[in-house]
Amino acid sequence: MQYRTIAHTTVSAIGLGAMPLSIEHRPDETRAIATVHAALDAGVTLIDTADSYHWHADEAGHNEMLIARALARYGGDTSNVLVATKGGRGRPGDGSWTVTATPAHLKQAAEASAKRLGVDAIGLYQLHKPDPTVPWAESVGALRELLDAGTIRAAGISNVTTAQIRQAHQILGNGLVSVQNQYSPAVRDSELELQLSEQLGLAFLPWSPLGGISRSSLDGPSGPTSIGTAFHRIAAERGVSPQQIALAWLLACSPAVIPVPGASRPASITDSASAVELTLNTQELVELEDVLSG
């Protein structure tokens with residue numbers, strides 16, 4: 001495994017996006033825990049979860065509790081694992097997502113997440129999405145209060161613009177350590193946010209990083225698996241999966257990037273983690289960039 005940093009914390013260069021383990025079409029708990037254990041066996045030390053990663057309305061925190069059980073049952077040392085969770089979204093059980101980022105809700109949600117994870121302080125707590133009904137400064141101010149209270153050790157923000165990143169950085173200072181936006185071969189709308197994150201010394205955690213390579217449970221019913229892309233051609237030449245090529249490309253985009261691909265099977269995260277062993281050469285990077293830019 002290779003490593004990158006989130007502020008002063010060293011983590012694996014590729015994390016585990018745990019959402020598929022708890023939402024619709026999720027695996028049974030035996031396979032879900034085996035998937036987390038496979039990630040740990042592969043050297044993954046960053047696990048991304050959220051209180052809203054669940055299926056039914058009455059099971060908020062399902063994914064957080066699953067991760068806590070998986071870590072507790074792992075036979076090895078997990079003291080270096082950073083569990084990053086999020087608050088500010090909800091799932092009423094009909095497949096939709098809601099947004100609630102009032103200060104009162106965020107503080108209550110963070111305290112509940114800490115209890116479910118079984119920790120005194122959450123290693124990284126991320127505001128899941130800006131709430132259009134709440135001033136951004138008020139939502140971010142709640143993160144500041146959580147930091148000051150010791151409920152969380154570091155703060156992150158997700159699904160944000162460059163202006164929101166700058167304002168959050170002004171409010172949180174060194175307490176802000178990460179940005180999590182969608183970014184993949186198919187979705188590069190957050191290019192400016194990635195550049196700003198690197199400038200500010202923030203980690204950039206792309207969610208749904210395999211978009212355009214293969215359809216996953218993170219992407220919803222968006223269409224059939226992609227075939228015949230430059231990622232597939234290079235993968236065939238290298239004898240690896242297209243997913244590995246996509247993750248290697250993301251790692252080459254910026255030293256701030258730490259992809260968190262989702263997985264619901266041990267083989268999936270084992271394959272994804274192997275991408276750290278790939279170094280794309282200049283010709284390959286140019287070929288991929290030409291395709292993506294064209």
Side-chain angles (χ1 to χ4, degrees), residues 1-19 36 39-40 42-51 53 63-64 67 71 77-88 110 113-114 117 119-129 140 143-144 146-148 150-160 162 164-166 168-184 190 193-209 247-248 250-262 269 272-273 275-276:
M1 179 55 66
Q2 295 180 16
Y3 300 90
R4 293 193 170 182
T5 58
I6 301 178
H8 301 296
T9 301
T10 299
V11 298
S12 54
I14 290 175
L16 168 65
M19 186 173 90
V36 177
L40 299 172
V44 171
T45 61
L46 172 64
I47 299 176
D48 180 76
T49 181
D51 61 1
Y53 289 171
N63 198 242
E64 292 173 324
I67 296 304
L71 291 174
D77 181 17
T78 60
S79 60
N80 64 335
V81 175
L82 175 63
V83 177
T85 192
K86 295 180 286 293
S113 289
L117 291 170
V119 297
D120 295 328
I122 296 170
L124 172 57
Y125 191 70
Q126 303 165 97
L127 200 166
H128 206 152
K129 188 175 184 179
V140 176
L143 298 182
R144 177 75 268 170
L146 288 167
L147 285 165
D148 293 341
T151 307
I152 67 176
R153 292 195 176 95
I157 50 178
S158 183
N159 299 300
V160 288
T162 54
Q164 289 167 333
I165 295 172
R166 292 186 187 279
H169 190 251
Q170 290 176 347
I171 295 170
L172 298 171
N174 292 334
L176 178 66
V177 301
S178 65
V179 171
Q180 187 171 35
N181 279 14
Q182 185 175 17
Y183 192 81
S184 69
S190 286
E193 287 74 19
L194 167 56
Q195 293 174 9
L196 179 58
S197 296
E198 184 175 347
Q199 292 169 15
L200 296 176
L202 307 175
F204 187 86
L205 315 178
W207 62 264
S208 198
L247 292 169
L250 281 165
L251 291 172
C253 286
S254 165
V257 169
I258 305 173
V260 285
I269 188 57
S272 290
V276 298

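Keep in mind that the numbers below use all heavy atoms, side chains included, and drop hydrogens, waters and symmetry copies.
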Output for pair (N159 CG, Q126 CD), nearest 0.5 Å, gives 10.0 Å

**Within-4.5 Å side-chain heavy-atom neighbours: V83 and V119** = no

In this structure, CD of E64 is separated from CG of L117 (nearest 0.5 Å) by 5.0 Å

Between the OG atom in S197 and the OH atom in Y183, the distance rounded to the nearest 0.5 Å is 11.5 Å

Sequence neighbours excluded, the answer for salt bridge (charged side-chain N to carboxylate O under 4.0 Å, His left out) partners of D48 is K86

To the nearest 0.5 Å, atom CH2 of W207 lies from atom OG of S158 at 7.5 Å

Heavy atoms of M1 and A42 approach each other most closely as CE-O, 3.4 Å

Inset, instruction - Test I165 against L202 for side-chain contact (heavy atoms from CB on, under 4.5 Å), laying out the working first. - result: CA-CA 10 Å; I165 295 172; L202 307 175; 4.0 Å; yes

Do the non-hydrogen side-chain atoms of L46 and I6 ever get within less than 4.5 Å of each other? yes

I14 and A275 have their tightest heavy-atom pair at CD1-CB, 3.7 Å

Q. Should we say atom CG of D120 is surrounded by more than 12 heavy atoms from elsewhere, each under 6.0 Å from it?
A. no

Any side-chain heavy atom of I122 within less than 4.5 Å of one from L146?
no

Applying side-chain hydrogen bond (donor to acceptor under 3.5 Å, both in side chains) to E193 and not counting sequence neighbours gives none

In terms of heavy-atom contacts, D51 and T85 come closest through N-OG1, 3.9 Å

**Message:** What I'd like to find out is whether the side chain of S190 reaches to under 4.5 Å of the side chain of F204, using heavy atoms alone.
**Reply:** yes

Q. Are any non-hydrogen side-chain atoms of L40 and L71 less than 4.5 angstrom apart?
A. yes

By side-chain hydrogen bond (donor to acceptor under 3.5 Å, both in side chains), S12 pairs with (sequence neighbours left out) none

Sequence neighbours excluded, the answer for side chain to side chain contact (heavy atoms under 4.5 Å, CB included) partners of S272 is L247, P261, I269

Exercise for review: Could you tell me whether the side chain of Q2 and the main chain of V276 form a donor-acceptor pair under 3.5 Å?
Suggested key: yes

Quiz item: Would you say the side-chain atoms of R4 pair up with the backbone N or O of L251, donor to acceptor, closer than 3.5 Å?
Solution: yes

Heavy-atom nearest pair, L143 first then G156, reads CD1-O, 3.8 Å

Taken to the nearest 0.5 Å, the spacing of T45 OG1 from D77 CG works out to 11.5 Å

Contacts of N63 meeting side-chain hydrogen bond (donor to acceptor under 3.5 Å, both in side chains) (sequence neighbours excluded), chain-then-number -> S22, T49

Residues at least two apart in sequence or cross-chain that pass ring-ring contact (aromatic ring centres under 6.0 Å, His included) with Y53, listed by chain then number, are H128

Here the gap from S208 atom OG to N181 atom CG, rounded to the nearest 0.5 Å, amounts to 12.5 Å

Of all heavy-atom pairs linking G175 and L147, the shortest is CA-CD1, 3.9 Å

Residues V179 and V160: closest non-hydrogen pair is CG1-CG2, 3.9 Å

